[in-house]
Amino acid sequence: MNKRSENGLVFIFTISLIATFGSLYFSEIRGYEPCTLCWYQRILMYPVVLISGIALFQKNARIALTTAIFSVIGGSISLYHYGIQKLSFLQENAPACGAVPCTGQYVNYLGFITIPFMALIAFVLIFITSLFLMKWQKESR
């Protein structure tokens, strides 16, 4: 594995680890109870830490397709979740989301940065890096 691919794995691992610690900070330290859509996003982010950590240890960039799939699904959920928080026509038709409404915004930095937005950014960064990893693998063959 070349240095470029190794750096890509480090980046994916770092982003997913920061996202995981961020979600745990908001729920366990700040006491914000996650809604159902937040749980789905966590279910898709947490394994990326483990997968990318093992891949980094093994120097195996072939996990790029796996991380890309996890990030596409997680990013889609994040985008929808962000939409029901910020777009009134989606808020009106938002499904009931358990004890905590998915339309609620625990944080709203600068008027647009919410928890689902931060998750979306993490998923997008992981997806883009995964695409680069797949491209670099093809080039090295």
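All heavy atoms count here, side chains included; hydrogens, waters and symmetry mates do not. Every value quoted in this text rests on a predicted model; they were computed, and no experiment measured them.
- Considering CZ of F117 and CG of L110, their distance stands at 9.5 Å, rounded to 0.5 Å.
- Across Q41 and P116, no two heavy atoms sit closer than the pair OE1-CA, 3.9 Å.
- Going from atom CG of L50 over to atom CZ of F13 covers 9.0 Å, rounded to the nearest 0.5 Å.
- Using a 4.5 Å heavy-atom cutoff, the side chains of M118 and V107 are in contact.
- Y46 is not connected to I54 by any chain of hydrophobic side-chain contacts under 4.5 Å among Ile, Leu, Val, Met, Phe, Trp and Tyr, and they are in different clusters.
- When side chains are defined from C-beta on, L65 counts as touching I69, because their heavy atoms get closer than 4.5 Å.
- Taken from CD1 in I73 to CD1 in I43, the straight-line distance is 12.0 Å, to the nearest 0.5 Å.
- Judged purely by atom type and a 3.5 angstrom limit, E6 has no side-chain atom pairing as donor or acceptor with the backbone of K59.
- Counting heavy atoms from C-beta outward, N108 and I113 have side chains that stay 4.5 Å or more apart.
- Residues M134 and A68 share a closest heavy-atom pair of CE-CB, 4.1 Å.
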Discussion item. Let's go through V124 and I128 carefully: what are the C-alpha distance in whole Å and the side-chain angles of both, what is the deciding distance for side-chain contact (heavy atoms from CB on, under 4.5 Å) to 0.1 Å, and is it a yes or a no?
Written reply: CA-CA 6 Å; V124 166; I128 290 169; 3.8 Å; yes

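- Between the Y106 side chain and the F26 main chain, no donor and acceptor come within less than 3.5 Å of each other.
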Practice prompt. Test T14 against F11 for side-chain contact (heavy atoms from CB on, under 4.5 Å), laying out the working first.
Written response: CA-CA 5 Å; T14 304; F11 187 72; 5.7 Å; no

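- Checking Q105 against T114 by side-chain atom types alone, no donor-acceptor pair falls below 3.5 Å.
- Atom CD1 of I12 is separated from atom OG1 of T66 by 10.5 Å, given to the nearest 0.5 angstrom.
- In this structure, CG in L37 is found 12.5 Å from CZ in R42, a value given to the nearest 0.5 Å.
- When all heavy atoms of P34 and C38 are compared, the closest pair comes out as CB-CB, 3.8 Å.
- Proximity of I18 to F21: side-chain heavy atoms (C-beta onward) are nowhere separated by under 4.5 Å.
- Residues W136 and S5 are in side-chain contact: their nearest non-hydrogen atoms beyond the backbone lie under 4.5 Å apart.
- Annotation for F112: atom CZ counts as buried by contact number, over 12 foreign heavy atoms lying within 6.0 Å.
- Put simply, the side chain of H81 reaches to within 4.5 Å of the side chain of C35, judged on heavy atoms.
- Atom OH of Y80 sits in a crowded spot, with more than 12 heavy atoms from other residues, nucleotides or ligands closer than 6.0 Å.
- Side-chain contact check for F70 versus I126: every heavy-atom pair is 4.5 Å or farther apart.
- When the shell of 6.0 Å around CZ of R62 is examined, it contains 12 or fewer heavy atoms from other residues, nucleotides or ligands.
- When all heavy atoms of A64 and L133 are compared, the closest pair comes out as CB-CB, 3.6 Å.
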Worksheet item: Can you list the steps and then say if L44 with F123 is a side-chain contact (heavy atoms from CB on, under 4.5 Å)?
Response: CA-CA 9 Å; L44 290 158; F123 282 122; 4.2 Å; yes

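- Under the 3.5 Å distance criterion, the side-chain polar atoms of S23 are matched with a main-chain donor or acceptor of T20.
- A single hydrophobic cluster is not seen to contain both V48 and W39; linkage of ILVMFWY side chains at heavy-atom distances under 4.5 Å, directly or through other members, places them apart.
- Here the straight-line distance linking atom CG of L120 with atom CG of L125 works out to 9.5 Å at 0.5 Å rounding.
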Worksheet item: Are S27 and Y32 close enough, and set up right, to give a side-chain contact (heavy atoms from CB on, under 4.5 Å), and what steps lead you there?
Response: CA-CA 5 Å; S27 64; Y32 301 155; 5.7 Å; no

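- Within the 4.5 Å cutoff, side-chain heavy atoms of L9 are placed close to those of I63.
- Criterion: ILVMFWY side-chain heavy atoms under 4.5 Å apart, direct or through other members. Under it, I29 and Y109 are part of a common hydrophobic cluster.
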